[in-house]
There are 2 protein chains.
Amino acid sequence: MATLCLPYQLSPEQTEKLDTIIQRHRPLQKRDVLIENGEPLKFLYAVRSGSLKSYSLDSHGSEQIIDFHLPGDLIGFDGLIDGQHRSFTQALETTMLCEIPMQSLDQLSAELPGLRKQLLRVMSGELHASKTLLGTLNHHTAQQRLANFIMTLSNRFQQRGLSSRSFRLSMTRADIGNYLGLSVETISRILTQLQQEGVLAVQNKLVEITDPERLRALAS
Amino acid sequence: MATLCLPYQLSPEQTEKLDTIIQRHRPLQKRDVLIENGEPLKFLYAVRSGSLKSYSLDSHGSEQIIDFHLPGDLIGFDGLIDGQHRSFTQALETTMLCEIPMQSLDQLSAELPGLRKQLLRVMSGELHASKTLLGTLNHHTAQQRLANFIMTLSNRFQQRGLSSRSFRLSMTRADIGNYLGLSVETISRILTQLQQEGVLAVQNKLVEITDPERLRALAS
DNA sequence: CGAAATATTGATCCAAATCAACGGCTGTGG
DNA sequence: CCACAGCCGTTGATTTGGATCAATATTTCG
């Protein structure tokens, strides 16, 4: 169970201890809300299958997508600062999760230096990803941003042992646009264009990367 | 010493223990480089006075500013993922630092749950700030971004017990533009414009917020 | 003091937003 | 299982915010 939910390098002993505190969560359906803004942080969640988006609402009540969560991701770190979740998290499709009670995790991490390091490492990784994305969005064209987005998804799927070559975009074009700071129309146009150039084969939500080399080149 | 370098709520006992591992670092002069990309992560640094910028170099070798560090900030978290710093960090002016050896910090955080929580809290806060900034940059105009930047600086100075009303921009206009994804010219124009509208009084690097209420309104 | 770096201001251009119209899924209820 | 409604996606025309180009002023620092 712990292996499924936290697929990281831990010793058998550590894995066993973790197993005692990790619970299977009921499956979410598309559009189900897992976390509401302001909710107390009682659990971290690990995605077993499916996907979710996290977003906050700006002063005018419109959605700002902060993150997409894929299998293997941990959800909830942003709330550690004050024990409150700082965003909404919603399923994009049928999604299976594990939940990890914060309190037990805290106790356990006192005993297991490996787990403690692992947690810091995951957070540090998220922090780095987030800051890198900032750079990407600030200094790149629409095409570069989208190419980069597809590459990043591909890499994340690969790390989880899924196909890095072809996958399903579980989020809408509007979601992608929102996340990248581009309009829906621009996302659509660039996908068409990348398909015409033979970089991608796009059919509705399914994407196949037909020329990974060129996609990488376009992404930077 | 620990109080100076890590101004957070720790018990006297905890502070005393921290004191034993924190070292004063030699002062940096303007343009001195504190951290090079790829360097092994041996220390975290706490800013006592002055300021720094962190940046990475993109594939074409041009600077992408990731962060500005003000007094009270901790530097180095992005390297926890693999024990290597993932960016360059350079002083913007004469700057005083403390250094905190990673190894001792790790040992100490095993003993002190408060310190462990504190570290997680700081990282979580950074993560949240970074994701919020992402939203800000993605969905706001140049004026909103800059207003937001000034507000954020003001708030950070206030938290550290410095003046939130008037302060010095230790970074160049080019640095601000780079950070916000805007050109130097745009930064300059908008500062002029905000001054004409009576929101700011700008004189070279000195900024005074003359109408905080209106600045806040412009920032969102 | 003088050179180089930094900042301002104006003119022009362009990438992506917005506006508009339509075609194609998808999911729901009869 | 089909029909229809509503969201989702695509494509085209027009507009625009901010980049870029260009020239000059100001500050900083050796």
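Proteins come first, then strands; the chains are lettered A, B, ... in the order of their sequence lines, and each starts at number 1.
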Exercise for review: Report yes if a side-chain nitrogen or oxygen of A:Ser188 is closer than 4.0 Å to either non-bridging phosphate oxygen (OP1 or OP2) of D:dT11; otherwise report no.
Suggested key: no
Exercise for review: Send over the distance from B:Leu180 CG to D:dG18 P, rounded to a whole Å.
Suggested key: 12 Å
**Study point:** Under-4.0 Å side-chain N/O to phosphate OP1/OP2 contact, A:Thr192 with D:dT11
**Key:** yes
Check your understanding: Between D:dG9 atom P and A:Ile190 atom CD1, what is the distance in whole Å?
Key -> 15 Å
Practice item. Would you indicate what A:Gly177 reaches in the nucleic acid, counting non-hydrogen atoms under 4.0 angstrom: base, sugar-phosphate, or nothing? Key: nothing
Study note, to complete from the structure: Between CG of B:Leu182 and C1' of C:dA15 the distance, given in whole Å, is 15 Å
Review point. Does the distance from a Lys or Arg side-chain N to an Asp or Glu carboxylate O, for B:Glu39 and B:Arg86, drop under 4.0 Å?
Key: no
**Study point:** B:Ile176 CD1 - C:dT8 P separation (whole Å)
**Key:** 10 Å
Point to revise | Charged N-O contact under 4.0 Å between B:Lys131 and A:Asp67 | key: yes
Check your understanding: Is any side-chain N of the basic residue among B:Glu185 and B:Arg173 closer than 4.0 Å to the acidic one's carboxylate O?
Key -> no
Exercise for review: For B:Asn178 and C:dA7, give me the distance from atom CG to atom P, rounded to whole Å.
Suggested key: 13 Å
Check your understanding: Nearest-Å distance, CG (A:Leu146) to P (D:dT10)?
Key -> 11 Å
Check your understanding: Hey, is the side chain of A:Thr186 poking within less than 4.0 Å of OP1 or OP2 on C:dA15, counting only N and O atoms?
Key -> no
Exercise for review: Report the distance from atom CD of B:Gln29 to atom P of D:dT28, rounded to the nearest whole Å.
Suggested key: 17 Å
Point to revise | Carboxylate-amine/guanidinium contact A:Lys53 A:Glu63, below 4.0 Å | key: yes
Review point. So does A:Arg189 reach the base of C:dT18 with its side chain, donor to acceptor, closer than 3.5 Å?
Key: yes
Exercise for review: Select one nucleotide: of C:dA16, C:dT6, D:dT20, the one nearest the side-chain heavy atoms of B:Ser183.
Suggested key: D:dT20
Exercise for review: Look at the side chain of A:Ser164 and the backbone N and O of A:Phe157, then say whether any donor-acceptor pair between them is shorter than 3.5 Å.
Suggested key: no
Revision key, fill the gap. Of the listed D:dG18, C:dA16, D:dT10, the closest approach to the A:Thr141 side chain comes from C:dA16
Review point. Think B:Lys30 has a side-chain N or O under 4.0 angstrom from the OP1 or OP2 of D:dC29?
Key: yes
Point to revise | For atom CZ of B:Arg31 and atom C1' of D:dT28, their distance in whole Å | key: 9 Å
Revision key, fill the gap. Taking for A:Glu185 and for A:Arg145 the nucleotide of DNA chain C with the nearest heavy atom, the one nearer the 5' end belongs to A:Arg145
Point to revise | Closest-nucleotide ordering on DNA chain C, the 5'-leading residue of A:His140 and A:Asn204 | key: A:His140
Exercise for review: Give a yes/no on whether any side-chain N or O of A:Lys205 is located under 4.0 angstrom from OP1 or OP2 of C:dC25.
Suggested key: no
